[in-house]
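The structure under discussion appears below in the form of structure tokens.
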2 protein chains.
Amino acid sequence: MEKETPESRKQVRMQDVAAAAGVSLASVSRVLRTPGAASPDITARVQEAVKRLGYAPSPIASSMAGAQSPIVGVVVPTLANAIFSQSLQAMSSELETSGLQLMMGTHDYDPLREEQAIQAFLRWNPVALIVTGIHHSRDAMRLLLGANCPVYEMWDYTDRPLDNVIGFSMEGAGRAVAQHLIEKRRRNLVFVGHQLARDPRAQVRADAFMAVVAAQDEVTGRVMEVGERNAAAGMAIMQQILTEFPDVDGVAFSGDAVALGGLTAAQDMGRHVPGDISVIGFGDLDPTVASRPPLTTIRPPHEEMGRLIAQSILRRAKTPDSAPQKINLGFELIERGST
Amino acid sequence: MEKETPESRKQVRMQDVAAAAGVSLASVSRVLRTPGAASPDITARVQEAVKRLGYAPSPIASSMAGAQSPIVGVVVPTLANAIFSQSLQAMSSELETSGLQLMMGTHDYDPLREEQAIQAFLRWNPVALIVTGIHHSRDAMRLLLGANCPVYEMWDYTDRPLDNVIGFSMEGAGRAVAQHLIEKRRRNLVFVGHQLARDPRAQVRADAFMAVVAAQDEVTGRVMEVGERNAAAGMAIMQQILTEFPDVDGVAFSGDAVALGGLTAAQDMGRHVPGDISVIGFGDLDPTVASRPPLTTIRPPHEEMGRLIAQSILRRAKTPDSAPQKINLGFELIERGST
DNA sequence: GGAAACTGTGAAAGCGCTTTCACAGGCTAT
DNA sequence: ATAGCCTGTGAAAGCGCTTTCACAGTTTCC
């Protein structure tokens, strides 16, 4: 009723709440961020004033005065690849009601850009920083180790993480793919990667794949690369494979998008899948169930990673002293028909 | 060489730079943010000190003291749908070097959550706020109109935007799809949407589709819904359609993921595509080229929207007085073979 | 030659919070 | 009954910047 400044200030400040409730600034702050620290009387008066004035604290001012900002930084290689956006989506919905904001950066597999993104995020004093994978430039490592917030490495798993790690074994995935093809009596294998030199995760899978192949008598394997991560590139590389190496009978792709193209191209060229040739993907993108035959693929725990990281962050926000987590979520090889 | 505090302070402050350069705080600030405002001598000294100390200003403190934060808020319905992540990816790479950070929020087509996301973003005083579509709750509208930063409505186009709008006509897209099927001599059409009640953009396309159908003699049309936006749902609905309405000869989907499922299911049920039935999608997701037949679809200007918005934001950051933009990017109907 | 008009610079006042610190007032323990 | 303790509260000092304002030191103009 008794408003002092009709329209002069657009933004309600904590000061206004304090005045309205007849208490000090400090008390308002206490009521808002340390439940139980103020007496019931003051708590009630402040809460009433907050509601009446529609007050919401400025996250910027909190960040300035406090030690951290209500921000979670996330660095992913790209959003063009659906596997990362699925993790992000899960994280985003999980963080929804927490008051934390997702700050997002992409680097397109460029270590320098990754480092810059990390550096930029750290300046914001985020509550947590999430990076993709366990391979980073030396400087990026240094930044991450010096960060004064929990760091999460996502997607890969390792026993010796920087801090927290939630993911699965890329080596295991590469091996599983090779073993699966060998079990299916495939003898001439190809691993198709996309920019392996830039994507360390795919490189690890390729290496593991080739290691399994090398350990098998009478099985040959080679690694090939595509320039783009899309179906058209998959079609092109499959044509090349079947032309140059007609007796290839098993192809593993480092991504489902490319694999779907490869699957189609093989059939276009008259090969029967899986009779003549097996095709296996990675990622379990949605359309894999709609191809004919449906695509056998590796299913990473997309959403689960995002969800668990978000939950872990929220937990650590309350209990800052808890130990770092190492979670190996594993993966699933989903046999659908293309092998 | 002559460092005063060996390890006492971890973060270099502007104060430190000022001291090192032998100038005042104000001068450092001027050199950094108003090129040309300081004398060449001071500018050189400050720049040298900045480089030597490895100083980078705290975005939080800048935000606190200045009028705006180096943040761009983006609200999209979901990242699970690749069409949005593609726009985001384009935005992200475009903003890469600008020093602006992307803050991202999702609402899963829930107007209340959209409103909350907008409200949360506005508290950060962002440089710009990007929302998806032109349909918002009353309160969300009020928030957007009261925002003291440029607001961008993305994806849809309208002549009377809140502020800026960059997108294409959903009505046009819905009409184009219907007209295309009619040109292909299809007579019994179905429009398949996903949660039309929650997704106003899809609803507009559905309505436009039905309007065209209604204006045509001897053409029937109906709208059906799927619960999930994935290939499995597409397969299920196509089975239902062909069972309940065996003479349907044209199906338009409100998303490619669902359409790819529908395409496959139709063929699984013995229908020839496009001989017996035409299938058309929306979104031009990557795997559309790999289906057999490849999927005819509507291609929205994904990346272009993201890129143009980012560029517009950067431009307006320099020229704050420039007029709001209204850009209708149009769409493309890509005929591939499934119609 | 003196007044008026610029220029570039530094001191200082915030921005809206959090947190420390000192201090009343009501306790418990002797 | 008095000394010593808690407990809850408010005053005040920042957090690291931006920006205003006043002030020298120059230049320009009559």
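To find a chain, count down the sequence lines: A is the first, B the second, and so on, and within it residues start at 1.
- Computed from C1' positions of five pairs at each end, the angle between the two local axes of the helix from dG1(C)-dC30(D) to dT30(C)-dA1(D) equals 30°, rounded to 10 degrees.
- Distance Leu32(B) CG to dT19(D) C1': 15 Å, rounded to the nearest Å.
- The shortest distance between the side-chain N/O atoms of Ser58(B) and the OP1/OP2 oxygens of dG16(D) is not below 4.0 Å.
- Distance, Trp124(B) CH2 to dG16(C) P: 15 Å, rounded to whole Å.
- At a threshold of 4.0 angstrom between heavy atoms, the contacts of Arg30(A) include nucleobase atoms, whether or not backbone atoms are also involved.
- Rounded to an integer number of Å, the gap from CZ of Arg123(A) to C1' of dG16(D) is 14 Å.
- Checked against dC17(D), dG10(D), dT18(C), the side chain of Met14(A) finds its nearest nucleotide in dT18(C).
- Checked by atom type, the side-chain pair Ser92(B)/Thr106(A) shows a donor-acceptor distance below 3.5 Å.
- In terms of the salt bridge (Lys or Arg N to Asp or Glu O under 4.0 Å) criterion, residue partners of Asp139(B) (sequence neighbours excluded) are, by chain and number, Arg142(B).
- Among Asn328(A), Ile327(A), Ile134(A), Ile166(A), the one residue that satisfies the side chain to side chain contact (heavy atoms under 4.5 Å, CB included) test with Tyr157(A) is Asn328(A).
- For the pair Arg33(A) CZ and dC17(C) C1', the computed distance is 9 Å after rounding to whole Å.
- A heavy atom closer than 4.0 Å to some atom of DNA chain D occurs in Met64(A), Ala65(A), these being the qualifying members of residues 61-68 of chain A.
- Checked by atom type and distance alone, the side chain of Ser87(B) pairs as donor or acceptor with a backbone atom of His302(B) at under 3.5 Å.
- Near-neighbour residues of DNA chain C inside residues 34-50 of chain B, defined by a heavy atom below 4.0 Å, number-ordered: Ala38(B), Ser39(B), Ile42(B).
- Residue Leu25(B) has its side chain nearest to dT18(D) when only dT18(D), dA11(D), dC17(C) are considered.
- The side chain of Ser27(B) approaches dT9(C) more closely than any other nucleotide in the set dT9(C), dG16(C), dT19(D).
- What separates OH of Tyr55(A) from C1' of dG16(C) is a distance of 7 Å, to the nearest Å.
- Although no hydrogens or angles enter the test, the distance criterion places no donor-acceptor pair under 3.5 Å between the side chain of Gln89(A) and the main chain of Glu303(A).
- Between the CG atom of Asn125(B) and the P atom of dT18(D) there is a distance of 15 Å, rounded to whole Å.
- Of the candidates dA11(D), dT18(D), dT19(C), dT19(C) carries the atom nearest the Ser29(A) side chain, counting heavy atoms from C-beta on.
- Listed by first and then second residue, the salt bridge (charged side-chain N to carboxylate O under 4.0 Å, His left out) pairs that reach into residues 18-42 of chain B are Asp41(B)-Arg45(B), sequence neighbours excluded.
- Between the Ser63(A) side chain and the Pro59(A) main chain, a donor and an acceptor come within less than 3.5 Å of each other.
- With no hydrogens or angles considered, no side-chain donor-acceptor pair links His107(A) and Glu115(A) at under 3.5 Å.
- Remark: Arg316(B) engages no residue in a salt bridge (Lys or Arg N to Asp or Glu O under 4.0 Å) (not counting sequence neighbours).
- In this structure, the side chains of Val75(B) and Met104(B) stay at 4.5 Å or more apart for every pair of heavy atoms.
- The distance from atom CD1 of Ile60(A) to atom P of dT18(D) is 13 Å, rounded to the nearest whole Å.
- Thr158(B) contributes a side-chain N or O that, together with a main-chain N or O of Arg160(B), makes up a donor-acceptor pair within less than 3.5 Å.
- Between the CG atom in Leu329(A) and the CZ atom in Arg307(A) there is a gap of 9.5 Å [rounded to 0.5 Å].
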